[in-house]
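For reference, the structure discussed in these notes is given below.
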Amino acid sequence: MDYQFKQIEKSWQKFWAENETFKADVDASKPKYFVLDMFPYPSGAGLHVGHPLGYIASDIFARYKRLKGFNVLHPMGYDSFGLPAEQYAIQTGQHPAKTTETNINRYREQLDNLGFSFDWSKEVRTSSPEYYKWTQWIFMQLFNSWYNKETDKAESISTLIAKLEAIPSSEINAVCDEDVLNLLPSDWSNMNAEEKQAELLKYRLTFLKESTVNWCAALGTVLANDEVKDGFSERGGHPVEQKKMMQWSMRISAYAERLLQGLNNIDWPEPLKEMQRNWIGKSVGAMVSFGIENKEQGARNKDAIIEVFTTRVDTIFGVSFLVIAPEHELVASLTTEEQKEDIENYILATKKKSELDRMSDVKTVSGAFTGSYASNPLSGDKIPIWIADYVLAGYGTGAVMGVPSGDQRDFLFAQKFHLPILQILDSQKIEKEADPTKEGKFINSGIVDGMGYKEASEAIVNKLKEIGVGYGKINYRMRDAIFGRQRYWGEPVPVYFKNGLPYLIKEEELPLLLPEVDKYLPTKSGEPPLGRAKDWKYKASPQPSPKEREQIGSEVLSFGEDLGEAYEYELSTMPGWAGSSWYWYRYMDANNNQAFADSDKIAYWKDVDLYIGGSEHATGHLLYSRFWNKFLKDLGFVNEEEPFKKLINQGMIQGRSNFVYMILDVDGRPSHTFVSNGLKENYRTLSLHVDVNMVENDVLDTEAFKKWRPEYNDAIFIFEDGEKSILNPEKEHVFMEGTEVKNLFPISKHRYVCGTEVEKMSKSKFNVVSPDDLVERYGADTLRMYEMFLGPLEQSKPWNTNGIEGVFKFLRKFWKLFHDENFNFSVSDEAPTKAELKTLHKIIKKVEDDVERFSFNTSVSSFMIAVNELTDLKSNKRVILQDLVIILSPYAPHICEELWQLLGNEAGTLSYTPFPIFNPDHLIENEFNYPVSINGKTKTSINLALTLEPKEVEEIILKEEAIIKYFDGKYPKKVIVVKGRIINIVI
RNA sequence: GCUCAGAUGGUGGAACUGGUAGACACGCAGGACUUAAAAUCCUGUUCCUGUUAAGGGAGUGCGGGUUCGAUUCCCGCUCUGAGUACCA
């Protein structure tokens with residue numbers, strides 16, 4: 001039989017599913033390997049051809065690792081909470097759970113069509129209560145934890161309570177809010193339960209905080225910074241404004257340093273690590289206090305100093321002004337009567353500016369003088385205090401010291417407002433712009449004159465410390481992550497409120513189910529959709545559980561007496577990243593209802609060995625996941641500091657659009673004549689997107705095009721060679737300049753060639769290619785190999801179906817190796833020849849090397865070469881072909897399973913059979929065709945024994961007539977012989 | 001602006017540690033088979049020059065450098081893509 005991919009693929013997909021071929025469980029006898037894909041959000045559009053790229057790569061890798069004797073965990077699931085389902089629900093009233101279910105089923109069908117070796121018994125869905133029960137549980141652990149900087153890890157809140165009971169709060173080294181109270185143990189014990197709760201909230205790793213948020217009125221929700229682009233929502237492009245709101249937050253900043261350091265120990269693409277480093281934004285510098293003139297400098301008088309953060313404390317003698325953010329709390333008290341109008345106007349202008357498009361004028365310098373002065377703590381100089389919007393309230397202290405000679409923004413500011421620009425390094429060139437270099441010796445710099453950068457920095461920090469006006473400090477740009485959405489389709493937060501304070505529900509009450517609502521919109525009073533749920537209240541039970549008693553301290557939990565009273569639940573839901581921040585652990589033990597995963601299983605599977613996904617998650621998912629992982633490790637629930645050992649970014653698949661060119665008449669009116677791409681310059685044309693599925697190798701199927709839209713029914717085409725099609729409606733035949741032909745399309749010369757452009761893949765551009773269509777036409781094995789053949793996995797590239805035929809032909813050729821001319825299965829049991837063994841071992845080695853370095857495209861080429869060679873050798877030796885089947889099976893599993901069985905092996909054993917062992921002996925050659933170059937230019941080649949030493953080679957070639965003739969009559973100056981590589985003769 | 005990645009035939013790409021640039025595939029051209037087409041098979045295909053040829057020359061974004069030898073290493077520049085955006 002010829003290669004019947006449809007029947008083969010269906011039957012093996014069925015076999016794998018029925019036999020659970022890829023089910024993986026803890027097996028101490030084998031080394032484990034965890035291959036993870038970023039799980040998809042099941043959108044209504046289904047998979048397009050770009051999605052499977054990473055899945056195919058990871059599947060090849062997973063299958064390869066099984067052949068190499070590893071116990072491979074390769075699961076798949078769905079990140080199924082999210083906005084689109086909710087938007088759809090708002091429009092149609094359909095419950096998001098229902099849409100989600102439909103979409104998941106479609107995804108599953110599409111995934112199954114591609115023959116992935118997923119262990120579906122471990123599927124997860126973030127929106128299922130069995131799953132989000134544990135997302136809520138992790139939230140509770142975060143709520144019950146604080147970050148102890150002394151031990152540098154998260155600890156149970158009970159250890160904090162113990163400390164508060166024993167020592168002054170000022171001696172507790174915690175990551176916490178800035179407004180924590182300064183408490184003595186006696187103060188603490190005098191506080192009532194609610195006061196204690198309020199205070200503890202400032203330490204918890206998830207906490208309520210009034211924060212300025214990106215509020216998107218159109219979406220009715222708060223957006224994360226990375227969901228806002230240029231003041232508009234990334235999704236939908238609605239305007240976003242700043243709004244103050246009580247929000248759940250995650251104290252990710254506690255982990256800033258560990259998140260940064262951890263990057264050094266993981267094998268991730270460098271650009272991605274760089275993005276995370278930038279996001280964390282560590283800067284090492286110093287805090288310096290500038291005293292304000294005419295204010296009493298008391299130790300407790302915070303109004304009398306301005307604290308600045310600087311990374312160039314060495315330049316402190318070059319300070320000629322201070323700038324504070326317009327939002328800075330001291331602005332009002334610093335503003336003098338005379339300056340009041342200026343300052344107020346400026347603040348007003350700033351506010352307007354932030355509402356407008358702030359992005360557009362970054363370079364404009366603006367500011368206003370407060371009228372007050374501060375003094376330089378080291379030089380004692382009197383320096384003016386300004387406000388300007390280039391200083392951000394949210395970073396550092398919201399105040400900077402202006403050093404015009406070293407910082408370009410300060411330079412521009414000083415220039416505009418005629419403030420002094422002081423040279424402080426002897427090598428500084430500051431006529432035109434600031435010079436931030438650290439070279440040279442300090443001048444005009446008091447105690448550090450004559451010193452270099454490093455020495456001066458240390459000296460100044462020491463001096464500042466000594467006189468109590470400064471200290472070394474590390475700042476991070478990364479902010480705590482807001483953890484709440486005013487949305488319906490997300491995990492409910494397992495919290496209720498009593499007297500405005502949040503309390504956790506009990507662990508045994510999990511999951512807190514998402515309630516039904518009548519509409520998926522905010523309430524009239526502006527509360528999130530959950531506010532619509534009827535009878536959705538928390539009824540506190542009288543006794544805290546023993547575990548809670550231990551964790552929170554029994555005293556704190558004395559609210560039980562008012563049994564029967566109902567409390568409001570938290571009405572916001574968790575953000576999209578909650579469920580995806582720990583899902584890989586759930587795969588290890590997906591159906592456990594006692595724990596998020598059994599600790600023995602976590603101990604076995606440990607971490608993800610290979611993670612494949614897009615780089616768009618660099619600062620979202622991949623950062624939050626690392627954060628939660630570290631937290632879970634601190635509490636002893638998991639064992640690894642980093643969750644994803646190796647990560648590969650698959651490139652984005654862009655769309656590739658095709659165009660037809662409609663000729664416009666003299667008045668610019670459309671016609672029904674279309675001109676081929678090569679000739680369009682001769683006409684005035686309008687380019688129109690045409691469905692890429694009617695185009696093959698950029699040649700339009702004109703008949704399909706005519707049927708596409710009624711208005712193109714009578715379309716006339718001017719072909720690439722200038723010929724014109726004329727429609728004869730009576731005969732329904734097409735004429736070429738009077739010559740009748742039956743079928744227009746196949747005549748090769750008369751082709752209508754479409755123009756192309758790389759764009760986003762989208763329905764409106766008619767450039768979406770669905771994997772289903774390609775599977776239907778060529779089969780999954782062809783599509784799998786073609787997607788790999790397209791180029792390096794990491795590279796972004798436009799999708800282009802040109803060339804898929806070549807891969808399909810290859811698989812047929814491969815199939816033919818096992819069959820005679822009449823397609824009867826036929827293999828020979830004769831011993832293989834040297835040439836056949838060479839081909840086989842070449843491919844064994846090549847595939848091993850390629851898969852290990854994720855170079856799947858080159859393996860596909862090598863397979864083609866191997867099959868071409870074996871075809872030329874007319875080889876059908878069982879020993880050779882059987883090994884080839886194993887090697888190819890990760891790439892094209894269906895055809896290989898079929899052939900494996902035809903070769904007489906037991907069905908289903910292929911997936912776990914050992915990978916053939918490479919034997920270098922088969923590649924050894926005793927001769928080599930040396931290229932001979934003269935002055936580095938290859939001229940000829942010569943066959944020589946590889947046993948010859950360079951000296952002997954040199955002797956031979958200098959006698960060789962065919963080589964001497966290139967010498968131009970001269971004697972060679974030098975001969976370079978690299979054994980087995982090259983001969984180069986310098987004339 | 002800053003950071004990172006990249007640039008090789010008509011196209012996708014290969015060349016792994018500096019050693020025959022263009023593997024493999026598409027497309028195209030020519031041929032075989034066929035009534036014809038599809039499919040399949042064979043041959044050619046970097047560019048320029050040369051009557052087909054033999055041969056000669058140029059060539060991996062541009063300009064330099066190191067080297068017997070550079071797509072590969074170094075310096076400078078151009079362009080493309082991604083990330084980031086007043087971060088003190």
Side-chain angles (χ1 to χ4, degrees), chain A residues 230 269-275 277-279 281-283 285 308-313 315 323 358-359 361-365 388-392 394-403 406-410 412-413 475-477 615-616 618-619 649 651-652 654 697-699 741-743 745-748 756 758 786 789-792 794-798 800-807 809-810 812 846 849-850 853 855 857-866 868 929-941 972-978 980-987:
Chain A
D230 304 351
E270 203 45 54
L272 199 128
K273 288 196 201 179
E274 198 57 32
M275 270 191 243
R277 284 191 194 106
N278 288 339
W279 194 261
K282 180 180 184 174
S283 46
V308 305
F309 176 72
T310 175
T311 53
R312 288 296 302 273
V313 74
T315 63
V323 190
R358 258 181 86 171
M359 308 301 296
D361 57 44
V362 174
K363 296 223 168 68
T364 321
V365 181
D389 64 0
Y390 80 86
V391 175
L392 306 175
Y395 183 75
T397 59
V400 305
M401 57 184 217
V403 185
D407 182 287
Q408 185 57 19
R409 285 164 329 201
D410 295 345
L412 292 172
F413 194 83
N475 237 354
Y476 299 92
R477 191 168 72 116
S615 60
E616 66 270 23
T619 51
N649 283 135
M652 275 228 290
Q654 297 140 303
N697 288 323
D698 296 333
V699 175
V741 278
K742 283 172 190 155
N743 186 342
F745 187 55
I747 294 180
S748 58
T756 64
V758 174
Y786 182 63
F789 187 59
L790 224 45
E794 295 94 328
Q795 225 168 73
S796 285
K797 55 221 154 210
N800 189 347
T801 315
N802 298 358
I804 193 168
E805 293 272 353
V807 175
K809 277 191 224 163
F810 155 77
R812 278 196 68 196
K846 179 74 175 149
D849 290 351
D850 285 353
R853 66 193 170 99
S855 173
N857 56 324
T858 49
S859 316
V860 177
S861 301
S862 305
F863 280 123
M864 290 175 172
I865 294 169
N868 287 347
N929 191 249
Y930 278 95
V932 180
S933 29
I934 311 291
N935 291 336
K937 279 272 163 200
T938 312
K939 293 289 176 184
T940 181
S941 63
K973 281 187 203 143
K974 196 173 175 185
V975 178
I976 293 118
V977 177
V978 183
R981 275 272 151 87
I982 199 170
I983 298 165
N984 189 18
I985 301 161
V986 187
I987 306 289

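Note that these values count all heavy atoms, side chains included, but never hydrogens, waters or copies made by symmetry. Keep in mind it's a predicted model, so treat the numbers as computed, not measured. Naming convention: chains lettered A, B, ... in sequence-line order (proteins, then strands); numbering from 1 in each chain.
Shown here are the side chain to side chain donor-acceptor pair (under 3.5 Å) partners of N278(A), two or more places apart in sequence or in another chain: there are none. Under the side chain to side chain donor-acceptor pair (under 3.5 Å) criterion, K282(A) pairs with E257(A), not counting sequence neighbours. Listed by chain and number, the residues in a side-chain contact (heavy atoms from CB on, under 4.5 Å) with S855(A) are D850(A), R853(A), N857(A), T858(A) (sequence neighbours excluded). In this structure V391(A) satisfies the side-chain contact (heavy atoms from CB on, under 4.5 Å) test together with V323(A), A325(A), V400(A), sequence neighbours excluded. Residues satisfying the side-chain contact (heavy atoms from CB on, under 4.5 Å) criterion with M652(A), sequence neighbours excluded, are S796(A). Checked against side-chain contact (heavy atoms from CB on, under 4.5 Å), N475(A) has the following partners two or more places apart in sequence or in another chain: S283(A), F309(A), Y395(A), K473(A). Listed by chain and number, the residues in a ring-ring contact (aromatic ring centres under 6.0 Å, His included) with F863(A) are Y891(A) (sequence neighbours excluded). Y930(A) pairs by the ring-ring contact (aromatic ring centres under 6.0 Å, His included) definition with F928(A), not counting sequence neighbours. For R277(A), the salt bridge (charged side-chain N to carboxylate O under 4.0 Å, His left out) criterion is met by E270(A), E274(A), not counting sequence neighbours.
Glycosidic conformation of G27(B) is anti; the angle lies outside 90° of 0.
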(request) Return one dot-bracket line describing RNA chain B 5' to 3' (Watson-Crick or G-U wobble pairs, both distances under 3.5 Å; ( ) same strand, [ ] crossing, | another strand, . none). (result) (((((((..(((......[....)))((((((.......))))))((((.....))))..(((((..]....))))))))))))....
(message) Does the protein touch nucleotides 7-15 of chain B at the base, only the backbone, or not at all? Give it as B, S and - per nucleotide, heavy atoms under 4.0 Å.
(response) -----BSSS
Protein-nucleic acid N or O pairs under 3.5 Å, nucleotides 64-71 of chain B:
| residue | atom | partner | partner atom | Å |
| --- | --- | --- | --- | --- |
| C68(B) | O2' | N984(A) | ND2 | 3.1 |
| C68(B) | O2 | N984(A) | ND2 | 2.6 |

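Residue contacts for T311(A): at a heavy-atom cut-off of 4.0 Å it reaches the sugar-phosphate backbone alone, with no base atom in range.
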